[in-house]
A.B. asks: 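Sending over a structure as structure tokens; questions will come in a sec.
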Number of protein chains: 2
Amino acid sequence: MAAQLRSWNDTPTRQAIVAFVERVTTEGGPDYVPPSERITTFDNDGTLWCEKPMPIELGFILLRLAEMAEADASLREKQPWKAAREKDFHWLGEVITKHYHGDDTDVKVLMAGILQAFAGQSVDEYAAAADGFLRGGKHPTLARTFHACGYLPMIELLQYLEAYGFTNYIASGGDRDFMRPITEEIYGIPSERVIGSSNALCYLDDEHGGTITYAAEPDVFDDGPTKPIRIWSRIGRRPIVAGGNSNGDIPMLRYAGGKGRLALRLLVLHDDAEREFDYKTGAEESLEAAATHGWTVVSIKNDWSTVFS
Amino acid sequence: MAAQLRSWNDTPTRQAIVAFVERVTTEGGPDYVPPSERITTFDNDGTLWCEKPMPIELGFILLRLAEMAEADASLREKQPWKAAREKDFHWLGEVITKHYHGDDTDVKVLMAGILQAFAGQSVDEYAAAADGFLRGGKHPTLARTFHACGYLPMIELLQYLEAYGFTNYIASGGDRDFMRPITEEIYGIPSERVIGSSNALCYLDDEHGGTITYAAEPDVFDDGPTKPIRIWSRIGRRPIVAGGNSNGDIPMLRYAGGKGRLALRLLVLHDDAEREFDYKTGAEESLEAAATHGWTVVSIKNDWSTVFS
């Protein structure tokens with residue numbers, strides 16, 4: 001079944017993945033893990049699909065914020081509406097970079113805007129809009145729809161793990177409800193296995209059984225130490241495979257395995273300016289942790305023969 | 001496969017269940033629902049297992065509070081430690097009754113005690129203690145372990161639904177982590193499909209990949225309108241079957257189905273003093289709603305030939 005990993009070069013990284021899967025699935029072996037405990041958790045942005053020049057979700061939010069600023073002049077000099085309307089990608093890109101360095105001032109400004117952007121919308125309306133954006137919208141530099149921005153080797157890895165009895169989850173800092181409409185089609189991961197950030201919700205009864213809508217309040221920002229907490233809350237088990245690409249994934253990667261159990265910890269390194277992007281910003285500490293603890297670093301340049309389908 | 005419902009008498013209730021399942025699973029029929037959307041959500045206390053003379057979880061909590069009061073004299077005159085130590089079941093029973101009537105004063109006192117009772121404990125320690133209690137502890141009046149307090153007809157119903165391609169979830173006001181150790185064995189529902197109330201959690205890193213422990217803060221009280229919100233948050237779909245037994249289940253029962261989709265809404269009526277219990281307290285409004293909206297009321301006395309295995 002390792003033949004499924006056809007977009008992976010035959011490097012030590014691929015060998016480490018195959019060796020791990022064989023060890024934990026060999027019945028009677030010292031590292032055997034029963035199928036019900038073969039849980040995997042993968043970050044999404046930068047791990048399963050690309051996140052540059054800015055996270056895909058941000059493009060969706062900006063469209064909505066720009067629409068709001070068109071409709072209401074009083075928003076045009078306020079962030080984040082100003083940046084959205086003027087397509088000030090620098091301000092927006094810096095929000096994420098600053099967050100990775102521990103400064104959440106602008107994240108709060110952006111989040112406040114996002115909360116207002118979707119407040120009152122029903123989860124069904126939001127899902128339909130996100131789905132339309134992901135299928136129709138084009139990536140600004142990669143000449144493909146957002147729907148086709150998943151990394152082929154990672155999609156193959158998810159299929160390979162599933163074939164060996166693993167159950168895959170997404171544990172992303174991105175918005176849970178933004179990803180859900182398309183995760184089954186792209187990754188084979190259904191909505192109930194998507195964990196992510198979320199806004200608070202309201203339930204309003206009506207003659208059709210009620211509607212769930214977004215409140216103008218944050219709920220969970222699923223990053224850093226919140227990742228293992230949300231994983232445990234949702235699954236009730238500790239994963240044995242975890243994949244990430246940034247500092248915010250360190251606690252999730254640490255959490256994989258647990259006392260006396262083997263774990264596979266994958267850290268995707270963006271080092272391929274030609275086929276994808278080349279950056280380490282926001283990943284510095286996770287790369288250090290990988291070196292210290294012997295995690296498996298996945299080099300896009302060296303380990304993947306193909307990046308996108 | 002309806003033969004699986006062997007502890008159900010051949011009444012209109014059983015007929016309604018069988019007719020619903022046939023309608024939504026008949027391919028090409030007007031009410032057909034594909035397997036991925038055959039989601040069911042069931043309350044636990046009073047719906048899948050018995051909740052009298054007091055919720056099973058409360059017994060577990062009282063043991064822990066009594067231990068604390070033994071160890072620390074300063075707690076002995078304070079509620080809820082006083083009631084726990086003196087086995088004042090009246091005070092405790094009234095907490096739930098008052099909650100059902102909209103008065104949460106004592107719920108807050110009890111919750112504050114519970115938060116202190118488990119703060120700092122790891123989720124693994126808590127799970128082991130809950131598991132031991134449920135397997136070893138005896139129900140005060142029913143002459144059986146708590147583990148054997150599940151209603152046999154409901155267990156058969158879950159199996160029957162599963163055989164028809166439904167995916168069953170628990171959506172309980174009770175503590176998620178208290179139920180998880182035993183839901184797979186009793187109901188065939190694994191931990192990732194248990195939704196319930198929960199305390200806030202902390203992640204503490206250590207040399208074994210870190211531990212998740214309870215904080216002395218509440219997180220979610222999964223009752224009333226919070227039930228549909230938590231169901232949607234966890235599953236990303238609207239159920240088509242919902243089962244409950246109390247006022248707190250009304251929003252979940254309303255939420256089932258949705259515009260233009262058939263739903264089965266079951267309300268368990270406790271009317272069998274001989275074999276289980278006879279009470280309507282806390283269910284008054286849900287019984288009215290059942291009458292108004294034509295929900296299927298399950299009479300323990302009339303619809304079930306056997307109550308427990």
Side-chain angles (χ1 to χ4, degrees), chain A residues 36 39 123-124 127 167 169 176-177 179-181 183-184 190-195 198 200-213 215 219-220 224-239 242 250-261 263 265 293, chain B residues 36 39 123-124 127 167 169 176-177 179-181 183-184 190-195 198 200-213 215 219-220 224-239 242 250-261 263 265 293:
Chain A
S36 64
I39 302 296
V123 292
D124 308 298
T167 303
Y169 285 80
R176 177 193 66 206
D177 298 347
M179 297 176 276
R180 273 178 162 172
T183 52
E184 176 129 38
S191 61
E192 67 269 21
R193 288 195 252 126
V194 177
I195 309 169
S198 54
L201 297 165
C202 307
Y203 172 74
L204 299 167
D205 199 6
D206 61 32
E207 76 271 35
H208 303 298
T211 310
I212 292 176
T213 59
D219 185 9
V220 177
T226 303
K227 283 203 179 191
I229 288 172
R230 299 306 298 166
I231 288 168
W232 199 89
S233 297
R234 284 281 291 275
I235 311 173
R237 295 182 193 279
R238 193 187 275 257
I250 295 173
M252 172 173 75
L253 292 161
R254 293 280 295 155
Y255 185 56
K259 201 171 177 177
R261 253 190 355 171
R265 299 178 187 85
H293 302 295
Chain B
S36 64
I39 301 296
V123 292
D124 308 297
T167 303
Y169 284 80
R176 177 193 67 205
D177 298 347
M179 297 176 276
R180 272 177 162 173
T183 52
E184 176 127 39
S191 61
E192 67 270 22
R193 288 196 252 127
V194 177
I195 308 169
S198 54
L201 296 165
C202 308
Y203 172 74
L204 300 166
D205 198 6
D206 60 31
E207 76 270 36
H208 304 298
T211 310
I212 292 176
T213 59
D219 185 10
V220 177
T226 304
K227 282 203 180 192
I229 289 173
R230 298 306 298 166
I231 288 168
W232 200 90
S233 296
R234 284 281 292 273
I235 310 174
R237 296 183 192 277
R238 194 187 275 259
I250 294 174
M252 173 174 74
L253 292 161
R254 294 279 295 154
Y255 185 57
K259 200 171 179 178
R261 253 189 354 168
R265 298 177 187 86
H293 301 295

A.B. asks: Answer with side chain, backbone, both or neither: which region of A:Arg234 has an atom nearer than 4.5 Å to a non-hydrogen atom of chain B?
C.D. replies: both
A.B. asks: Pick whichever of B:Gly260, B:Gly257, B:Gly224, B:Gly210 has the most heavy-atom pairs under 4.5 Å with chain A.
C.D. replies: B:Gly210
A.B. asks: Using a cut-off of under 4.5 Å for heavy-atom pairs, which of B:Arg193, B:Arg237, B:Arg238, B:His293 has the most such pairs with chain A?
C.D. replies: B:Arg238
A.B. asks: Counting heavy-atom pairs closer than 4.5 Å to chain B, which one of A:Ser198, A:Ala200, A:Ala127, A:Pro251 comes out on top?
C.D. replies: A:Pro251
A.B. asks: Quick one: of A:Arg176, A:His208, A:Glu207, A:Lys227, who has the most non-hydrogen atom pairs under 4.5 Å with chain B?
C.D. replies: A:His208
A.B. asks: How close do A:Ile212 and B:Tyr255 get, heavy atom to heavy atom, and via which atoms?
C.D. replies: CD1-OH, 3.4 Å
A.B. asks: Show your reasoning for whether side-chain contact (heavy atoms from CB on, under 4.5 Å) applies to B:Trp232 and A:Asp177.
C.D. replies: CA-CA 10 Å; B:Trp232 200 90; A:Asp177 298 347; 3.2 Å; yes
A.B. asks: Would you mind checking which part of A:Arg261 comes under 4.5 Å of any heavy atom in chain B, side chain (CB onward), backbone (N, CA, C, O), both or neither?
C.D. replies: neither
A.B. asks: Go through the atoms of A:Ser233 and report whether side chain, backbone, both or neither lie under 4.5 Å from a heavy atom of chain B.
C.D. replies: both
A.B. asks: So, for A:Tyr203 and B:Pro225, which heavy atoms are closest and what is the spacing to 0.1 Å?
C.D. replies: CB-O, 3.7 Å
A.B. asks: Measure the spacing between CZ of B:Arg254 and CG of A:Asp206 and express it to the nearest 0.5 Å.
C.D. replies: 7.5 Å
A.B. asks: If you look at every heavy atom in A:Ile229 and B:Leu201, which pair is closest and at what distance?
C.D. replies: CD1-O, 3.2 Å
A.B. asks: Given heavy-atom pairs under 4.5 angstrom as the criterion, report whether the side chain, backbone, both or neither of A:Arg230 touches chain B.
C.D. replies: side chain
